[in-house]
There are 4 protein chains.
Amino acid sequence: MGTLILNVDLAADVPIYQQIRDQIVEAIAHGALKDGSSLPPTRTLAADFGINFHTANKAYDLLRQEGLIRLSRGTGAVVTAPAANPLPADWTGRVRTLLAEAVARGASAPEVLEACRTVLDSFNPKQQEGTP
Amino acid sequence: MGTLILNVDLAADVPIYQQIRDQIVEAIAHGALKDGSSLPPTRTLAADFGINFHTANKAYDLLRQEGLIRLSRGTGAVVTAPAANPLPADWTGRVRTLLAEAVARGASAPEVLEACRTVLDSFNPKQQEGTP
Amino acid sequence: MGTLILNVDLAADVPIYQQIRDQIVEAIAHGALKDGSSLPPTRTLAADFGINFHTANKAYDLLRQEGLIRLSRGTGAVVTAPAANPLPADWTGRVRTLLAEAVARGASAPEVLEACRTVLDSFNPKQQEGTP
Amino acid sequence: MGTLILNVDLAADVPIYQQIRDQIVEAIAHGALKDGSSLPPTRTLAADFGINFHTANKAYDLLRQEGLIRLSRGTGAVVTAPAANPLPADWTGRVRTLLAEAVARGASAPEVLEACRTVLDSFNPKQQEGTP
DNA sequence: GTGGTCTAGACCACA
DNA sequence: GTGGTCTAGACCACC
């Protein structure tokens, strides 16, 4: 528990560094990675997945550019507080494109909204507080 | 009314063929393009935007692969019924990644959900304020 | 005239990609590179200076992140309009550190200011308009 | 009054030893540290900020190489006279790069010069409004 | 033909 | 021991 679980698919059409970036973002959203959490060293991560360390490096650099992690030579990669970061300008546009795809295929608005709600709920770190 | 308005930004970092595909998808979701609507010939479209014919072609081919349009030599590109197309397998995953990005940056779940709702509402073609 | 002149020192302690970035920034400030100007292809530039194309690539990527150039796969690197880009937040801090170094070494404030003025004048693209 | 105030940000992307060096340089420019002023022992400084002793050491060594302080075993680190130090050869070049960055982003020359003037004024320790 | 991605391995800077 | 830089060469995506 608390260990970072990544799943890299080398055959996928989405770049490996993007997959790593995406999953770390999800881990932060999920609460599995909190402010101050350390990420595995790039070379360790690369070795674990049988990829080149430059690829892992690029994923970390992307996250650094987005302000989600902080990189220092001696201390490694550390998650930074998720609070002060505003949404990027094109975020709504990307959401629009993605949701349009569902609607264009015949999904109803409530249906799509429900899917979004389910995804968001899955990020909620509070696991059923009412189970006595 | 009903004319397709595309807006291609050659300076954007998203590929041109993707921009065309995205906007056609949004037009379908919006109702501006309905089942049976004709799309402009690729050569016309390419000429209009000063882009390569192959680029326009690629956008249409993408849409054909997604099952959203039908291409035939004589009749050109025609939008197909949106009801028959199931969501692609990775759609939820892409939504998950996109919403995670917002949450990781500190947005609250209701806030994100509201953004989705606004986007979905903007697709609704029926502004049926007076249908009792 | 109008050709981009770069000067790369492989023995310097400042990274090569930074040298390239700096000189392109100066060329833009100078007016030698204007909005819409094309930059040499990364591989060509790399070959010209006997460096690896990845190093040239990194310089271009830096400039892209700063919003000073635009990269597209087919069309190469193009300078973007210098107008809408706000100064980065830490710019004043960097100026402060640099000017403090001069003052700490005994330079007077007017002396330092004059040096700045000289540098800024050298960027001025208007070359002595009074030579008939 | 006269006590040296340092502000080390371990999260910043600029190296810690550089931050220390920069702030001491600014303190000298400011007049907070004068010729003959003693600097805190590196071990004290390291302990105060919870940083490695070698890191503090490196900052002092940098300043010694620049001729701004003098190190001796018994007396510790002492600021040396600011009048005797010429500007380093690359100083103008660094100013040029930094000011070019502002101009390339659309700032006007007077605007940039004014920023420099403001910074230089902030170094002026004599607010001698009443010395006739 | 352009930039982008990935791999492989060396050496350096920082803590 | 961490991340950063540079090199070298392969293959892919876009126009």
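Computed over heavy atoms, backbone and side chain alike; hydrogens, waters and symmetry mates excluded. As the structure is a computational prediction, the values presented were derived from the model and not from experiment.
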*Taking only residues two or more places apart in sequence, or in another chain, which ones meet C/Arg96 in a salt bridge (charged side-chain N to carboxylate O under 4.0 Å, His left out)?*
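Partners of C/Arg96 under the salt bridge (charged side-chain N to carboxylate O under 4.0 Å, His left out) test: D/Glu26.
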Can you tell me how far [atom2] of [N] sits from [atom1] of [X], to the nearest Å?
| X | N | atom1 | atom2 | result |
| --- | --- | --- | --- | --- |
| B/Leu62 | F/dC14 | CG | C1' | 13 Å |
| C/Gln65 | E/dG4 | CD | P | 11 Å |
| C/Asp61 | E/dG4 | CG | C1' | 10 Å |
| C/Tyr60 | E/dT5 | OH | P | 17 Å |
| C/Asn57 | F/dT5 | CG | C1' | 14 Å |
| C/Arg70 | F/dC14 | CZ | P | 18 Å |

Do [X] side-chain atoms and [Y] backbone N/O form a donor-acceptor pair below 3.5 Å?
| X | Y | answer |
| --- | --- | --- |
| A/Thr97 | B/Asp22 | no |
| D/Trp91 | C/Leu98 | yes |
| D/Glu101 | C/Val25 | no |
| D/Thr75 | D/Leu71 | no |
| A/Ser38 | A/Val78 | no |
| C/Thr80 | C/Asp35 | no |

*Mind checking the CD1-OH spacing from B/Ile24 to B/Tyr60? Nearest 0.5 Å is all I need.*
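Between B/Ile24 CD1 and B/Tyr60 OH, I get 5.0 Å after rounding to 0.5 Å.
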*With the threshold set at 4.0 Å, does a side-chain nitrogen-carboxylate oxygen contact exist between A/Asp61 and A/Lys58?*
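Salt bridge between A/Asp61 and A/Lys58, a charged N being under 4.0 Å from a carboxylate O: no.
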_So for the helix from E/dG1-F/dC14 to E/dC14-F/dG1, with five pairs setting each end axis, what is the inter-axis angle to 10°?_
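The helix from E/dG1-F/dC14 to E/dC14-F/dG1 shows an end-to-end axis angle of 30°.
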*In the 5'-to-3' direction, what one-character label does each nucleotide of nucleotides 6-12 of chain E receive under the scheme B = base within less than 4.0 Å of a protein heavy atom, S = sugar-phosphate only, - = no such atom?*
BBBBBB-
*Want to settle it: does C/Leu71 or A/Gly74 sit nearer the 5' end of DNA chain E, counting the closest nucleotide to each?*
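Residue closer to the 5' terminus by nearest nucleotide: C/Leu71.
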_Under 4.0 Å from OP1 or OP2 of F/dG3: is there any side-chain N or O of A/Thr42 that close?_
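So the side chain of A/Thr42 is within the cut-off, an N or O lying under 4.0 Å from OP1 or OP2 of F/dG3.
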